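Just so we're clear, the structure is a prediction, and the values are computed from it rather than from any experiment. Counting begins at 1 with the first residue of the sequence. Read the numbers this way: they start at 1 and go in the same order the structure lists the ligands and their atoms.
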Amino acid sequence: MWQNVVAAPADSILGLTDAFRADTNPHKVNLGVGVYKDEAGRTPILQCVKAAEKLLLEGESSKTYLPISGDPRFAALVQELLFGEGSEVIASGRAATAHAPGGTGALRVGGDLLKKFRPEARVWVSRPTWANHKGVFTTAGFPLGEYAYYDPASRGLDFAGMVADLEKVPAGDIVLLHACCHNPSGVDLNPQQWRQVAKIAADKGWMAFLDFAYQGFGEGVAEDRAGIVAFAEAGLDFFVASSFSKNFGLYNERTGAITVVSPSAAETVVAMSHLKSTIRVIYSNPPAHGGLVVTTVLGDSGLRAQWLEELAAMRERIKAMRTLLVEGLAKRGVPGDFSFITSQRGMFSFSGLSDEVVQWLRREKSIYVVAGGRINLAGLTRGNIDYVCEAIAQALEG
Ligand code: LMR
């Protein structure tokens, strides 16, 4: 069957991890995949997660199927996190949430659902965007378009370009937005800009699909939901794909959610019915463990407080690494102003390193960076930062 088939290329992000694992250089550093590392270079299991798992191990009494959309307690807690306690969306019953296998699973469920009711639509993604966005929505059958987002000259947001492009998106099309900690650039909108974008959606009639994979990694759980709140307040239809991979460190438990927000509770009932029929034919119902962990942590005030502390510690460590990287490059006289790295948010920074430098770093130094120059700051530690700064300085000296 495969004799005349050309092999598929390795994934641009997860393929790097495979190459990193196979690398025998003891100094190797993985700044590729968006996975958090602590000062010891480990991806830890959060203490609150360990505590919840202990409770689950003792108290869990059955492994029977979950409902197609997952445990309703999980959905309620997800909504509280997305919209905030006391949100009008929750009180009005305007959101349908289903537990999905990770943020990617949520995006794909949303894509398949949208394809049924918006078969002619185009999906608009930011320039640049997470490589897998294109794969997910193309595979769901959508043609893609791009809107301006990152401005390489200012290394910030091209908001004027973004607005101009979003104003041209036809009614009925779908615009994929990064709710916070834009991947790959680390450049975000402020709350006022979010309200402006929601207003364009309302005026032009396109629909937003917000990818919310990094809640809590920008400024905080509440601050990071500004985009969600702007769309919720506008009373529009929109979708949210959320993930607990990063903020709970539940990467391999594949724990996320797809939330469909509608203008009314009656429409939400219909949306939920179609969400369920979409899920049934893909994976039937979700894997339980990660959702149970999240439900246990968020449902207990002590564990929830511990989670917020652990999340803040991850966020602050990454910010400290941003500062150390900028200082380390300046100290070595690396040409150029890298201070933009400290104003970008979340795990990533668009480093400005060319693909040639990215390849050199991998070949000569076993430092792994995603093509395009995206650096995962969470892969830096006080132990490897000098090695990385030295290597970048050497690479840029040519
Ligand atoms: C990333 O962008 O590195 C993460 O979202 C992990 C992934 O699945 O690509």
Novice: Can a donor-acceptor pair be found, under 3.5 Å and without considering hydrogens, that links the side chain of Trp307 to the backbone of Leu298?
Specialist: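 A pair under 3.5 Å: no.
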Novice: Could you tell me whether some N/O pair between Gly34 and ligand 1 is separated by less than 3.5 angstrom?
Specialist: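 Yes: some nitrogen or oxygen of Gly34 is under 3.5 Å from one in ligand 1.
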Novice: Determine, using ring centers only, whether His182 and Tyr150 are less than 6.0 Å apart.
Specialist: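 Centroid separation for Tyr150 and His182: 6.0 Å or greater.
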Novice: Does Tyr251 come within less than 4.0 angstrom of ligand 1, counting non-hydrogen atoms of the residue?
Specialist: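 Distance cut 4.0 Å: Tyr251 fails for ligand 1.
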Novice: Could you tell me whether ligand 1 has any atom less than 4.0 Å away from a heavy atom of Asn132?
Specialist: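 For ligand 1, residue contact (heavy atoms, under 4.0 Å) with Asn132 is absent.
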Novice: Using the ring of Tyr368 (Phe, Tyr or Trp, six-membered ring only), decide whether Lys28 places NZ or CZ under 6.0 Å from its centre and within 45 degrees of its axis.
Specialist: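 So Lys28 doesn't make the cation-pi contact.
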Novice: For Lys246, counting its heavy atoms only, list the atoms of ligand 1 lying under 4.0 Å from any of them.
Specialist: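 Heavy-atom distances to Lys246 below 4.0 Å select 4 (C), 5 (O), 6 (C).
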Novice: Just to check, does Arg374 reach to within less than 4.0 Å of ligand 1 when the distance is taken from its heavy atoms?
Specialist: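 In this structure, Arg374 qualifies as a contact of ligand 1 - some heavy atom is under 4.0 Å.
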Novice: Using a 4.0 Å heavy-atom cut-off, say whether Thr104 meets ligand 1 through its side chain, its backbone, both or neither.
Specialist: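 Contact part for Thr104 vs ligand 1: neither.
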Novice: Around atom 9 (O) of ligand 1, find the nearest protein heavy atom and jot down its residue, atom name and distance.
Specialist: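 Among all protein heavy atoms, the one nearest atom 9 (O) of ligand 1 is Trp130 NE1, 3.0 Å.
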Novice: Using the ring of each side chain (for Trp, its six-membered ring), is Phe137 parallel, tilted or perpendicular to His133, with breaks at 30° and 60°?
Specialist: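 Rings of Phe137 and His133: tilted, as their planes differ by 30° to 60°.
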Novice: Heavy-atom count around Lys276 NZ within 6.0 Å, excluding the residue itself: above 12?
Specialist: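 No, the 6.0 Å shell around NZ holds no more than 12 heavy atoms from other groups.
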Novice: Within the distance-only criterion (no hydrogens, no angle test), does the side chain of Asn30 pair as donor or acceptor with the backbone N or O of Gly379 below 3.5 angstrom?
Specialist: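 Side chain of Asn30 to backbone of Gly379, a donor-acceptor pair under 3.5 Å: no, none is there.
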Novice: So if I count the atoms of ligand 1 from 1 in the order they appear, which ones are less than 4.0 Å from some heavy atom of Val33?
Specialist: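 Every atom of ligand 1 under 4.0 Å from some heavy atom of Val33: 3 (O), 6 (C).
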